[in-house]
Amino acid sequence: MAIDPICGMTVQESTPWKTTRDEQTFYFCCEHCLKKFEAGGSSEAAPMQLVTLGEPPARHDCCHGHEGHSATKKPRAKSSAKYICPMCDGVESDVPADCPKCGMALERNQPTGPQTKTIYTCPMHPEVRQDHPGSCPKCGMDLEPETITTDAEEDDPELTWMTIRFWVGAALTVPIFAMAMLPMLGIELGIPADVSRWIQLVLATPVVLWCGWPFFVRGAKSLMTMNLNMFTLISLGVSAAYLYSLVATLFPGFIPDAFQHGGEVPVYFEAAAMIVTLVLLGQVIELRARKKTGSAIRELINLAPPTARIIEDGQEREVPLSEVQQGQELKVVPGDKIPVDGEVISGSSTVDESMLTGEANPVKKAQGDSVIGGTVNQSGTLRIKATHVGEDSVLSQIVQMVGQAQRSRAPIQRLADTVSGYFVPAIVAISIVTFVVWAFWSPEEPKLAYALLNAVAVLIVACPCALGLATPMSIMVGVGRGAKAGVLVKEAAGLETLQQVDTIVVDKTGTLTEGKPKLTSLEPAEGFSEEELLKYAAAVEQNSEHPIARSIVNAAKDRDMKLADTSTFDSTTGQGVQAVVDGKKIVCGKPSLLKDHGIEFKATGSTEGTKVYLGVDGKYAGALIVSDPLKATTAGAIQSLHDMGIRVIMMTGDNPQVAEAIAKKLNIDDYQADLSPQDKHDRIQKLRDEGARVAMAGDGINDAPALAAADVGIAMGTGTDVAIESASITLMGGDLEGVVKAFRLSRRVMRNIKQNLFFALAYNSLGVPIAAGILVPIFGMHALLNPMFAAAAMSFSSVSVISNALRLRATNLTE
């Protein structure tokens, strides 16, 4: 790692933005910082204050939001100004201009909070987005708000109006159906035929024109935009049956003899009214089922408590959660939900994080530990300092990620899109052919009446709604189910690709192991004691933030050792550290570092862990062995992966001896040790070139290149923002069992999608020819599909697809 000399950010040395000056290489977080540096002519004359390498950065907000920068965006204070600088705080303007500090063009301010508009999108076509309610121009469905709120269950105007229209339609359709069908069964109602037609007209007109009005609006829009969809077919079918019956009632003399039967002109008001009513029923059931797909997000939102206890001037008071600000002190008593993300400043307790991580075991929390908003405090009272509130909290980011993933499109959706694009025009053509064939070759009279009914039946039965819903419904439910189990999917494509993976590459530290190394043994050289070895090592390592260094320092503190002061501290990336302690020159790290300082000794490997070697004033003083214990669930998770037919490869930067010992203990298929981040990236690329479908699971900054190189990157949620940003799937817990859950989720969602596509395609493949009358030559006229039954079948095909998708809500990802 290196420091960007312009903005002070920590960047990887593999960054593409770097330059050399005075035989020294400088690394930058983005192209803008590189150009700023180059524009200065020399480091002293650069237009922005440079940060000396090795010193802590003076500020961290220079390049937030720029492409290539991985840091979390710093929250900005709300401003009423129209234009602000994306780099420099406090620079605002009411007109477009350049920033007087950095020279960048000011960007239009995007206000947050209550002023932010709600974006509406289509559940079947997520690319359709607008800032007001309406219907989708492609499929005609009502647009839904992208942001799900807790009151969404009660407030759904589309469902309310569809329900009202259905009950009105049902009440008027029942008598129409009775007057049309009972005489056919030999039950006479005593109503003359011409009077019956007029009563049916009066009852059917409000059913068609008011109850079915949304279908006609959507159908007309589909024709005007040429985005033909299910409402095109419904409106055409209902219009044909109703308009013919209207003309037959008002002007019976205009009806050809070919439509008449026994001297009477038959009407089909019951077909038009029943189609509208049954389609409305299907819409109501579908809307109610679709609402359940948002239940996972709603449950996540409800995890946050409505209020919080804040401590100000020693006084405790309860305030709405929305009023909690970053930096405030909060009190959380046993049994309460933790209101926001924070850091424990006093007290100790256990916290149930299962609702976010999917891991059942409570987590111990004490001073200095972080807590997540929405988790439950169990045993003790905690005082926490709010670190992330509102949209910056982990819970809010999870909700946002889940929502985006639910609206993303899996590659398999292209199949449904392609079929749907040709489907409706083909059905219209088939309907026309059906009418012509029956009009000339119907085996029974009246030929034109049979032609009309069968043509309408083809239009109604072929509605492609089930086909369009097949993929997005499974994705929405599956992503929500994963979120409840601590598996966060960034995009549907990653979920689909994971199902095809046959090889998973795992990092060792933090993935297979606890990620918290501990000093397990000391091997002092002749002339040195264990106490001296640990004293010198801890003194020099106290200036390092490396996990191994921390374990050595902690071991010394556990023995109540007082750490000596150091001077002239220096570190060599990937090698170790050196400093002067009590007048003695101490070198601590890999054997190569000691040998570079003229310290000769014979290095020996260890299968227990990592060996850290120490030199004192040019003499070899001994070695310290630091090991990282395996997580309790690692062995079982690897066995589960093997049971699924997945090859497991460990890639680690640790030494070969440790890697070999862990690989044998866990029965890992292959391992590669002593790898740099670039090595991991190259090895994964090689695996892919050899034909393997590779997933990578890791949690550190050094894993980011490998995560990006894999077909699917899986970031352990206990890791860094860089790793999470590089991955397609994020696990809220740091447990490898989460990887197993991700694989199970992927396979079950894709199986569910394929089942839905099969149901939809098979239904249309069978329904259309039956409606056209293909079975009549074999089974006779009773094999015809009445348009009313076609409408019922069409509606319930969509319901069956949604019901099948909803089964994913109950899937058990632990087995």
Side-chain angles (χ1 to χ4, degrees), residues 293 296 357-358 398 401-416 470-506 511 633 636-649 684 687-688 692-698 707-717 724 726-733 735-758 804-815:
T293 62
T357 65
I398 290 173
M401 182 184 291
V402 172
Q404 289 175 345
Q406 287 184 332
R407 294 187 296 271
S408 63
R409 297 169 75 81
I412 197 172
Q413 177 69 21
R414 289 195 295 266
L415 171 63
T471 298
M473 287 299 105
S474 296
I475 292 295
M476 290 178 72
V477 179
V479 168
R481 176 65 187 92
K484 292 176 65 176
V487 179
L488 303 183
V489 181
K490 184 183 294 186
E491 54 187 2
L495 199 62
E496 179 174 341
T497 305
L498 185 62
Q499 180 255 346
Q500 303 164 351
V501 163
D502 54 33
T503 302
I504 182 166
V505 174
V506 295
T511 303
T633 57
I638 290 178
Q639 183 58 51
S640 296
L641 291 171
H642 283 152
D643 293 341
M644 287 188 277
I646 298 170
R647 181 186 180 204
V648 182
I649 299 175
I684 288 178
L687 285 171
R688 294 182 63 187
R693 300 303 298 269
V694 184
M696 164 71 188
L707 288 168
D711 292 290
V712 180
I714 304 175
M716 316 298 279
I724 293 172
S726 303
S728 299
I729 295 173
T730 298
L731 307 179
M732 283 304 297
D735 198 323
L736 195 65
E737 187 64 36
V739 175
V740 178
K741 292 180 182 178
F743 272 100
R744 288 174 178 151
L745 177 69
S746 171
R747 294 185 176 192
R748 292 172 190 179
V749 168
M750 293 312 300
R751 183 169 65 238
N752 193 272
I753 288 175
K754 291 173 183 177
Q755 290 169 349
N756 283 349
L757 289 174
F758 173 78
N804 186 53
L806 289 175
R807 290 192 306 112
L808 289 170
R809 297 174 67 202
T811 189
N812 186 355
L813 298 180
T814 60
E815 59 184 25

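Start at 1 with the first residue, then count along the sequence. It should be emphasised that the depicted structure is a prediction, and the values quoted were computed from it without experimental measurement.
- Contact record, S728 with G494: CB-CA, 4.2 Å, taken as the closest heavy-atom pair.
- The two residues V739 and A697 make their nearest non-hydrogen contact at CG2-CB, 4.1 Å.
- Scored by the side-chain hydrogen bond (donor to acceptor under 3.5 Å, both in side chains) test, T811 finds R748 as partners (sequence neighbours excluded).
- Contact detail for V749 and S474: the closest heavy-atom pair is CG1-O, 4.1 Å.
- Residues that satisfy the side-chain hydrogen bond (donor to acceptor under 3.5 Å, both in side chains) test with D711, not counting sequence neighbours, are R688.
- Checked against salt bridge (charged side-chain N to carboxylate O under 4.0 Å, His left out), R747 has no partners two or more places apart in sequence or in another chain.
- Residues satisfying the side-chain hydrogen bond (donor to acceptor under 3.5 Å, both in side chains) criterion with R647, sequence neighbours excluded, are absent altogether.
- For the residue pair I646 and V501, the shortest heavy atom distance occurs at CG1-O, 4.3 Å.
- Scanning for salt bridge (charged side-chain N to carboxylate O under 4.0 Å, His left out) contacts around E737 gives R744, with sequence neighbours left out.
- A donor-acceptor contact shorter than 3.5 Å links the side chain of S746 to the backbone of L495.
- Here Q639 pairs with H642, D643 under the side chain to side chain contact (heavy atoms under 4.5 Å, CB included) rule; sequence neighbours left out.
- Residues forming a side-chain hydrogen bond (donor to acceptor under 3.5 Å, both in side chains) with T471 (at least two apart in sequence, or on another chain): Q413.
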- Task: Check the pair V740 / L641 against side-chain contact (heavy atoms from CB on, under 4.5 Å), numbers first and verdict last.
- Result: CA-CA 6 Å; V740 178; L641 291 171; 4.1 Å; yes
